[in-house]
There are 4 protein chains.
Amino acid sequence: MSSDGEPRRRADVRRNEKALLDAAAAVFVVSGIDAPVRDIAARAGVGVGTVYRHFPSRADLVVAVYRHQVEACAQAGPEYLESESTPYAALLRWVDDFVDFLVTKHGLAGALSQGEGFAALHTYFLDRLVPVCADLLAAARASGEVARPDVEALEFMRAIGNLCIGAGEDKRYDARKMVAILAGGLTVRRAASGDR
Amino acid sequence: MSSDGEPRRRADVRRNEKALLDAAAAVFVVSGIDAPVRDIAARAGVGVGTVYRHFPSRADLVVAVYRHQVEACAQAGPEYLESESTPYAALLRWVDDFVDFLVTKHGLAGALSQGEGFAALHTYFLDRLVPVCADLLAAARASGEVARPDVEALEFMRAIGNLCIGAGEDKRYDARKMVAILAGGLTVRRAASGDR
Amino acid sequence: MSSDGEPRRRADVRRNEKALLDAAAAVFVVSGIDAPVRDIAARAGVGVGTVYRHFPSRADLVVAVYRHQVEACAQAGPEYLESESTPYAALLRWVDDFVDFLVTKHGLAGALSQGEGFAALHTYFLDRLVPVCADLLAAARASGEVARPDVEALEFMRAIGNLCIGAGEDKRYDARKMVAILAGGLTVRRAASGDR
Amino acid sequence: MSSDGEPRRRADVRRNEKALLDAAAAVFVVSGIDAPVRDIAARAGVGVGTVYRHFPSRADLVVAVYRHQVEACAQAGPEYLESESTPYAALLRWVDDFVDFLVTKHGLAGALSQGEGFAALHTYFLDRLVPVCADLLAAARASGEVARPDVEALEFMRAIGNLCIGAGEDKRYDARKMVAILAGGLTVRRAASGDR
DNA sequence: AATGAATGAGCTTTCATTCAT
DNA sequence: TATGAATGAAAGCTCATTCAT
């Protein structure tokens with residue numbers, strides 16, 4: 001209540017939020033991104049009301065949970081452009097990181113393609129990563145390695161996201177391999193007769 | 001009671017089943033494949049009991065709704081192999097048909113990747129189409145057009161299915177284009193250093 | 001439609017009714033007296049509508065199913081009074097028959113105690129058998145073997161019916177033995193202090 | 001937050017639970033032990049979810065509703081053995097209490113004989129009361145008042161329970177009287193020729 | 001600010017009963 | 001008269017979300 005009561009409280013709140021994020025991350029892995037709020041609250045050792053106070057909507061929680069990784073991924077783009085031998089190599093490496101991220105988060109890829117109620121989530125991810133991917137793509141196009149000028153970063157990323165849906169659930173489906181093939185397809189000049 | 005008594009009733013039932021299938025198809029487009037049974041019944045103008053009478057499980061309904069298209073798709077495979085100039089051209093055309101099918105049925109692609117409770121559905125689709133795709137793929141490999149011997153029909157189809165998830169919801173995402181790129185990737189020989 | 005069409009129809013109807021009774025008896029044994037109408041219709045090889053035509057209410061069906069046995073039981077009373085050595089012996093034997101009847105019909109005893117919706121059933125059974133039991137009881141009282149003048153046939157029979165509920169479901173519960181003890185209790189003069 | 005914050009909430013919850021128990025007891029009387037959860041919730045003035053929160057399964061609710069009486073009944077056994085003039089008198093009095101309990105709870109006796117889905121209920125009642133009854137029975141046998149050594153507490157109690165089914169619905173059926181006769185039957189030596 | 005009890009909509013599924021054919 | 005398709009009322013159960021404490 002006094003000036004030194006606040007900091008204590010704030011510390012508590014922060015601790016709570018951390019616990020919530022950890023719990024959500026753990027639960028998401030097991031039960032997917034649609035896991036019951038109660039499960040998350042229980043694992044964090046807080047009441048459900050607390051979850052709602054910190055994260056009014058589910059998307060807010062999801063965004064918060066994955067913010068760190070998204071940031072890391074965003075920062076890796078420019079770095080690879082410097083460190084890798086060619087822009088396309090940089091693109092491939094970055095794509096691989098992105099796949100890593102999606103594949104380890106069970107259900108995340110699916111949620112990203114849903115839009116339905118996950119608008120905020122969708123928005124955040126794309127706003128942050130699309131520019132990064134666009135730079136990589138543009139560079140690889142400029143270097144002549146990527147032969148498709150008609151592929152935008154947004155759709156490319158979304159395609160990667162989609163390919164990662166359900167990855168890990170079925171041994172016979174290797175998302176990483178399919179993404180590699182997709183990336184390979186970028187180097188192929190479109191047939192004269194058109195795609196269709 | 002006589003030999004023509006049966007057909008009359010059956011005609012009614014068939015009409016009803018048709019209404020149900022149409023209603024389900026329409027509702028699936030709007031609410032996805034998990035739409036409440038009540039909604040489907042309401043749209044068909046029948047009671048929920050009728051839905052259950054015709055289609056004991058949800059998967060039965062979904063399979064019924066899409067059976068025609070699946071069959072058509074299955075039959076097109078061998079035909080294209082004969083009519084198209086090369087096996088790879090046949091594969092591309094068949095893939096295009098498959099995409100047509102998935103893209104028009106909102107939510108179907110997603111359901112196929114879920115497995116979760118849709119085992120029967122999943123099974124039906126794959127049992128019917130994977131062999132067809134496998135033949136096309138094998139032929140295109142034999143002709144030297146497809147350079148990836150490590151891509152199985154199952155995973156290729158699944159990748160296509162995934163790429164079609166959410167198609168039509170966002171103008172900026174053209175599933176057909178991304179599938180074309182994936183298919184193009186099949187012609188690219190894998191880098192010596194591996195995909196990763 | 002003509003005068004000779006009727007008999008044929010009537011024969012059909014009778015056959016149907018017989019099939020229905022047999023089916024119902026069989027189903028009652030397995031699923032109890034509340035078994036789904038459909039099950040009965042299916043086993044009889046007729047439509048559910050036919051069941052309703054023949055037996056408008058469930059009780060009607062139950063009554064019909066057990067009518068034969070009830071009649072046999074009703075007729076046995078006077079006979080035993082003649083053939084057995086004493087009226088009480090006759091009573092015991094008759095009670096034993098009654099128990100036989102109830103115990104073999106799974107769920108019947110329970111239905112008799114429900115009243116709820118089985119009024120007709122209840123009524124039929126009691127109207128037919130209570131007088132018989134009353135005669136036996138009166139005779140055994142007259143002979144001095146039964147010491148309780150305050151026990152009416154109706155309540156005695158109902159007690160027997162109740163004791164038979166669930167008989168056969170649990171090896172540790174021997175309905176016949178308990179009925180024997182109850183019957184034995186009839187011979188005990190009420191304590192001076194009253195039953196309560 | 002402080003040590004007296006807890007009790008306040010708990011008081012509310014307890015009040016609610018009480019309302020639920022009262023409502024359930026009342027509804028059980030009218031509609032039997034299988035009454036719709038919705039009805040109970042409505043009568044208690046709470047949502048169905050609240051019922052499930054407090055009593056996850058129906059058996060839990062039933063057990064809770066009758067726990068007090070069962071406990072009282074269990075404790076009365078040994079007491080009567082001390083206070084009454086003879087063991088048999090104690091048995092009679094205890095049986096009377098048991099009947100009191102069953103007769104006032106319409107539908108309970110029936111549920112106990114069902115087993116079907118009420119395993120937990122059945123188990124609780126018997127685990128608690130059978131030993132008590134067994135002691136009374138053994139004592140009465142030891143004193144020579146009970147002449148049937150072949151009657152187990154379990155079956156005796158079950159017989160009593162059965163005799164109480166439907167008690168109160170029909171003025172002409174006096175469950176208490178019939179139980180008294182059954183208890184009287186315990187004192188009768190079995191006929192040489194057997195019960196049958 | 002945190003809690004978690006309460007709410008109630010919403011979904012599935014089962015059958016008794018009706019009624020068009 | 002027989003059929004069985006259709007109906008729709010029930011009932012169980014599960015959360016997302018609110019809100020009193």
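Letters A, B, ... are given to chains in the order of the sequence lines, protein chains preceding strands, and every chain is numbered from 1.
- Neither OP1 nor OP2 of E:dA1 sits under 4.0 Å from any side-chain N or O of A:H54.
- Rounded to whole angstrom, the span from the CZ atom of D:R53 across to the P atom of F:dT14 amounts to 13 Å.
- Atom CD1 of C:I33 is separated from atom P of E:dA16 by 14 Å (rounded to the nearest Å).
- Rounded to an integer number of Å, the gap from C:I40 CD1 to E:dC15 C1' is 12 Å.
- Along DNA chain E, the nucleotide nearest to D:R38 and the one nearest to B:S57 differ in position, and the one closer to the 5' end is contacted by D:R38.
- In this structure, C:A26 and C:R43 approach most closely via the heavy-atom pair CB-NH1, 3.3 Å.
- The structure places CG of B:L102 at 9.5 Å from CD1 of B:I165, a figure rounded to the nearest 0.5 Å.
- Between the side chain of C:D60 and the backbone N or O of C:S57, at least one donor-acceptor pair lies under 3.5 Å.
- You'll find that the side chain of C:V13 is closest to F:dT1, out of F:dT1, F:dA16, E:dA2.
- Screening residues 20-29 of chain A for salt bridge (Lys or Arg N to Asp or Glu O under 4.0 Å), with sequence neighbours left out, gives A:K18-A:D22.
- For E:dA6, the OP1/OP2 oxygens have a side-chain nitrogen or oxygen of D:N16 closer than 4.0 Å.
- Between the CG atom of B:L20 and the CZ atom of B:R53 there is a distance of 12.0 Å, given to the nearest 0.5 Å.
- The line from OG1 of D:T50 to CZ of D:F55 is 11.0 Å long, rounded to the nearest 0.5 Å.
- In this structure, C:D60 places its CG atom 15 Å from C1' of E:dT17, rounding to the nearest Å.
- To the nearest angstrom, P of F:dA2 lies 11 Å from CZ of C:F55.
- The separation between D:R15 atom CZ and E:dA5 atom C1' is 14 Å, rounded to whole Å.
- For the pair D:H54 and D:V13, the minimum side-chain heavy-atom distance is below 4.5 Å.
- In DNA chain E, the stems built from three or more successive Watson-Crick or G-U pairs (distances below 3.5 Å) are E:2-21 with F:2-21.
- Here F:dA6 presents its C1' atom at 11 Å from CG of B:L20, a figure rounded to the nearest Å.
- Applying a 4.0 Å cut-off to non-hydrogen atoms, the residues of residues 43-51 of chain B that approach DNA chain F are B:G45, B:V46, B:G47, B:V48, B:G49, B:T50, listed by residue number.
- Atom CG of C:D34 is separated from atom C1' of E:dA16 by 12 Å (rounded to the nearest Å).
- Candidate nucleotides F:dA16, E:dA16, E:dA1 were compared by shortest atom distance to the side chain of A:Y52, and F:dA16 ranks first.
- With DNA chain E read from its 5' end, the first of the two nearest nucleotides for D:E17 and B:P56 is the one closest to D:E17.
- Residue C:V29 comes nearest to C:T104 through the heavy atom pair CG2-O, 4.5 Å, listed as atom of the first residue, atom of the second, then distance.
- In this structure, D:F125 and D:Y66 have perpendicular ring planes: the angle between them is above 60°, well past the 30° mark.
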